[in-house]
Number of protein chains: 2
Amino acid sequence: MLLTIDLGSEVPLYQQIRDRVVEAIAGGDLAEGSALPSIRQLAADLAINFHTVNKAYDLLRQEGIIRINRKSGAMVRRDPSSGPPQPGYADDWQARLRTLLAEATVQGMTADEVLQRCGDTLASFHTEPTTKEPA
Amino acid sequence: MLLTIDLGSEVPLYQQIRDRVVEAIAGGDLAEGSALPSIRQLAADLAINFHTVNKAYDLLRQEGIIRINRKSGAMVRRDPSSGPPQPGYADDWQARLRTLLAEATVQGMTADEVLQRCGDTLASFHTEPTTKEPA
DNA sequence: TATCTGTTATAGCTCATCTATATCAGATAA
DNA sequence: TTATCTGATATAGATGAGCTATAACAGATA
């Protein structure tokens with residue numbers, strides 16, 4: 001299964017799909033230029049309505065992360081960062097980061113510990129696709 | 001104004017209040033043990049219904065971040081991390097961190113840049129309350 | 001012709017969010 | 001006592017988000 005969602009989560013299904021795709025791209029499991037499952041196919045695999053998948057794909061398209069072609073389906077954009085940078089995106093992302101880090105701090109996590117987790121997470125993105133280990 | 005919200009945001013008002021309080025605590029603007037505005041007072045200041053503020057405070061209470069006393073109102077918990085750690089909280093937080101960092105990575109931010117922002121943000125929490133600069 | 005793709009429209013259901021009103025108990029101060 | 005503050009709770013209604021269901025269309029492909 002390319003993608004797993006949690007029907008019981010408070011996070012909307014289309015948001016979960018979007019998040020999983022973003023993580024798969026960052027982690028190298030979805031290479032740039034590779035094709036995503038068709039809307040109907042993924043909806044069938046996940047046993048949800050295809051409109052929900054369509055909304056997730058449309059969101060990814062708006063974010064400049066994937067391209068959607070009427071005939072060939074959806075594919076990971078080759079260089080998302082080369083697209084038009086959303087105005088105010090960096091500020092928005094920074095604000096969300098601040099909220100998340102503040103939460104960890106209040107819950108008693110030390111700055112070192114938080115930074116360690118950030119580093120570990122980022123390092124996990126540098127791995128090659130799970131097809132083969134780098135020799 | 002202790003707290004600012006954005007009526008036009010997609011983020012629910014009660015969530016915004018919760019986030020701003022968490023950030024204020026992490027940043028030292030709300031010291032441990034200090035009192036929060038009363039539900040009705042804050043609602044009046046923000047020009048919203050007091051039920052919305054009540055929901056935000058209740059959420060903060062459930063997270064172990066504040067204490068609410070029927071007579072003395074709400075106050076910042078002295079040591080939130082000493083409370084009962086929510087089962088699975090660390091995993092949940094880690095998952096949200098992973099999503100956020102993956103997003104930045106996909107949008108073209110380098111790992112160094114992301115880590116730099118994390119460090120800067122965490123460092124900003126170490127400042128004293130904005131009353132006075134450290135001599 | 002048949003089947004796949006994305007796209008669009010409409011409708012309905014459920015639930016979250018927010019507001020509005022009202023009431024209650026308890027503490028505090030004039 | 002009277003008035004005013006506090007949080008807590010119940011009910012109701014409006015609005016919109018999220019998800020599903022059904023249908024139809026255009027274009028590509030086999």
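A, B, ... follow the sequence lines: proteins, then strands. Residue 1 opens every chain.
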Please give, in whole Å, the distance from [N] [atom2] to [X] [atom1]?
| X | N | atom1 | atom2 | value |
| --- | --- | --- | --- | --- |
| Leu60(B) | dG7(D) | CG | P | 14 Å |
| Ile17(B) | dT17(C) | CD1 | C1' | 12 Å |
| Tyr57(B) | dT9(D) | OH | C1' | 19 Å |
| Asn54(B) | dT9(D) | CG | P | 9 Å |
| Ile68(A) | dT7(C) | CD1 | C1' | 10 Å |
| Gln62(B) | dA8(D) | CD | P | 12 Å |
| Met75(A) | dG6(C) | CE | C1' | 16 Å |
| Arg18(B) | dT17(C) | CZ | P | 13 Å |

Between [X] and [Y], is any pair of side-chain heavy atoms under 4.5 Å apart?
| X | Y | answer |
| --- | --- | --- |
| Lys55(A) | Arg18(A) | no |
| Leu46(A) | Thr52(A) | no |
| Tyr57(B) | Pro37(B) | yes |
| Ile65(B) | Arg77(B) | no |
| Gln16(A) | Leu13(A) | yes |

Hphob cluster co-occupancy, Val11(A) + Trp93(B), side-chain heavy atoms under 4.5 angstrom: no

same_hphob_cluster(Leu60(B), Phe50(B)) at 4.5 Å side-chain heavy-atom cutoff: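 Yes, same cluster.
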
Per-nucleotide protein contact string for nucleotides 17-30 of chain D, where B marks a base within reach and S marks sugar-phosphate only (heavy atoms under 4.0 Å, - for neither): -SSBBBBB---S--

Polar contact flag, side-chain donor to acceptor under 3.5 angstrom, Asp120(B)-Gln116(B):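 There is such a pair between these side chains.
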
Side-chain ion pair, Asp58(B) and Arg61(B), N-O less than 4.0 Å: yes

All stems with DNA chain C, defined as three or more consecutive Watson-Crick or G-U pairs under 3.5 Å: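 Looking at DNA chain C, the stems formed by three or more consecutive pairs are C:1-30 with D:1-30.
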
